[in-house]
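These notes are about the structure you will find just below.
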Amino acid sequence: MATRRHHRIVIIGAGSAGVSVAARLRRAGERDVAVLDPSLRHHYQPLWTLVGGGRAPLEESVRPQDSVMPRGVRWIRRAARAVDPEAREVALDDGGAVSYDQLVVCPGIQLDWDRVPGLEAGLGEDGLSSNYLARTAPATWRFIRRTRSGTAVFGMPSGAIKCGGAPQKIAYLAADYWREQGLLGRIDVHLVLPGAAVFGVPEFARVLEGVIRRYGIHVHYGSEVTEVRPEAREVTVTDLGTGSTTALPYDMAHLVPPQSAPDWIKRGPLAASGDPAGYVEVDRHTLRHVRYPDVWALGDAASSPNAKTGAAVRKQAPVVVENVLAALNGREPTASYGGYSSCPLTTARNKMLLAEFDYSGRPAPSIPVIDTVRERTDMWHLKRRGLPFLYWNLMLRGLA
């Protein structure tokens with residue numbers, strides 16, 4: 001039977017953003033909150049880099065969705081397929097619809113595997129993997145262990161992606177493992193990056209350049225992997241400036257697909273006009289839709305120009321909740337998001353660089369006294385134990 005309901009607040013997506021917002025709304029006393037999401041599992045995706053690097057088990061990254069859904073929230077186990085902001089209605093995959101007074105859109109980001117010919121078909125076999133899927137992250141570690149010589153290729157696509165540091169973090173974890181095994185001198189490590197620098201904030205870029213020198217990694221700046229030929233174990237690297245291409249063989253490769261908003265958002269009225277990635281067009285500070293005042297967005301599907309990380313969601317969620325509550329009470333939104341994001345960059349198997357920054361493009365450290373503009377072992381323990389604890393026990397409960 002098709003779903004037909006009305007709720008005061010409807011949230012699309014039960015990832016980190018949707019669950020955090022729902023929990024905060026419940027703590028604020030909101031009694032009519034619904035979350036739309038068909039998934040029965042909730043994933044802590046930042047751990048997948050450590051799974052691929054052999055530093056964490058996959059099972060630690062997943063829990064049943066009903067174990068993290070806030071009490072008192074109506075969980076509708078259907079997928080959104082369209083939004084009609086004029087009618088204040090969300091169309092569902094069962095042919096039904098849910099209407100709303102206020103809508104929070106946070107369905108996450110879409111992995112566009114088909115934009116790199118050959119990539120998806122070869123995943124998990126013959127040395128080709130990606131930590132961006134739970135099922136293939138363990139294969140990354142298997143291929144790293146099996147590689148004793150030859151060429152390793154690590155690639156990042158152009159455009160915004162979730163956890164923008166992940167494509168290079170796994171390169172450092174792999175290179176450090178090979179160093180420990182006495183194999184690094186026998187392996188030609190390549191890192192393909194679309195930008196002119198290894199990281200957008202100069203203070204952190206300088207540290208990472210030192211890491212790259214330490215491991216002897218060959219970086220292809222301003223370039224992208226545009227095709228994979230798994231049967232030949234070869235990728236095509238395209239120079240984004242000149243359009244010239246180079247065939248690069250690999251014994252193992254970790255590649256990341258281009259990413260965008262879900263197709264149903266791209267096709268609908270919430271997307272920014274002319275944006276091929278199709279993100280929900282919001283004010284970068286209030287996170288309110290620029291044309292539909294009853295619609296809000298946060299997380300990876302929002303157009304705000306911050307790095308797409310869980311740390312950004314943690315700062316966005318209280319802003320969205322405060323502003324949604326203001327709108328429901330007839331007030332103008334005043335809470336403001338400053339673009340904070342954080343990228344915990346694993347630079348070795350026991351060291352991490354905690355890159356924190358905001359819309360200013362400068363470091364924005366949140367931990368007093370500690371110098372985070374360098375590799376640190378204590379930050380490694382934060383990544384491995386502290387952040388997962390904060391995620392499961394505080395962030396998803398609306399407490400952090």
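Model, not experiment: these values are computed from the prediction.
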Quiz item: Is Ser130 reaching over with its side chain to a backbone N or O of Leu255, donor-acceptor style, under 3.5 angstrom?
Solution: yes

Quiz prompt | By side chain to side chain donor-acceptor pair (under 3.5 Å) - contacts of Glu281 (at least two apart) | solution = Arg291

Quiz item: Is Leu58 isolated, or which residues cluster with it under the ILVMFWY side-chain rule of less than 4.5 Å, directly or via members?
Solution: Trp48, Val51

Quiz item: Does the side chain of Gln259 come under 3.5 Å of the side chain of Asp112 through a donor N or O and an acceptor N or O?
Solution: no

Quiz item: Mind checking who shares a hydrophobic cluster with Val290, ILVMFWY linked at side-chain heavy-atom distances under 4.5 Å?
Solution: none

Quiz item: Any luck finding a side-chain donor-acceptor pair between Glu356 and Ser366 under 3.5 Å?
Solution: yes

Self-check item: Any donor-acceptor N/O pair, Arg78 side chain to Gly95 backbone, under 3.5 Å
Solution: no

Quiz prompt | Full working for ring pair (Phe, Tyr, Trp, His ring centres under 6.0 Å) between Tyr172 and Tyr177 | solution = CA-CA 8 Å; Tyr172 307 144; Tyr177 171 77; over 10 Å; no

Quiz item: Would you say the side-chain atoms of Glu89 and Ser99 include a donor-acceptor pair closer than 3.5 Å?
Solution: no

Exercise. For Asp32 and Arg8, indicate whether the former's side chain and the latter's backbone hold a donor-acceptor pair under 3.5 Å.
Key: yes

Quiz prompt | By side chain to side chain donor-acceptor pair (under 3.5 Å) - contacts of Lys162 (at least two apart) | solution = Gln45

Practice problem: Look only at the side chain of Arg349 and the backbone of Gly53, and say whether a donor-acceptor pair between them is shorter than 3.5 Å. | Solution: yes

Exercise. Output yes when a side-chain donor or acceptor of Tyr359 lies under 3.5 Å from a complementary backbone atom of Arg284, and no otherwise.
Key: yes

Practice problem: Could you check if a side-chain atom of Ile187 sits within less than 4.5 angstrom of a side-chain atom of Thr151, using non-hydrogen atoms only? | Solution: no

Exercise. For Ser303 and Val280, run side-chain contact (heavy atoms from CB on, under 4.5 Å): C-alpha distance rounded to whole Å, both residues' side-chain angles, the deciding distance at 0.1 Å, then the answer.
Key: CA-CA 5 Å; Ser303 67; Val280 180; over 6 Å; no

Quiz item: Short question: side chain of His42, backbone of Pro64 - any donor-acceptor pair under 3.5 Å?
Solution: no

Self-check item: Of all pairs that satisfy salt bridge (Lys or Arg N to Asp or Glu O under 4.0 Å), the ones with a partner from residues 201-215, not counting sequence neighbours
Solution: Glu203-Arg362, Arg214-Glu375

Quiz item: Is there a donor-acceptor contact under 3.5 Å from the side chain of Ser129 to the main chain of Thr136?
Solution: yes

Quiz prompt | Arg229 and Thr236 side chains, donor-acceptor separation under 3.5 Å | solution = yes

Self-check item: Polar side chain donor-acceptor pair, Thr377 to Lys351, under 3.5 angstrom
Solution: yes

Quiz item: Got a sec, which hydrophobics cluster with Ile109, joining ILVMFWY side chains under 4.5 Å apart, including via others?
Solution: Tyr279

Exercise. First locate atom CD1 of Ile212, then atom CD of Gln168, and finally report the distance between them rounded to the nearest 0.5 Å.
Key: 6.5 Å

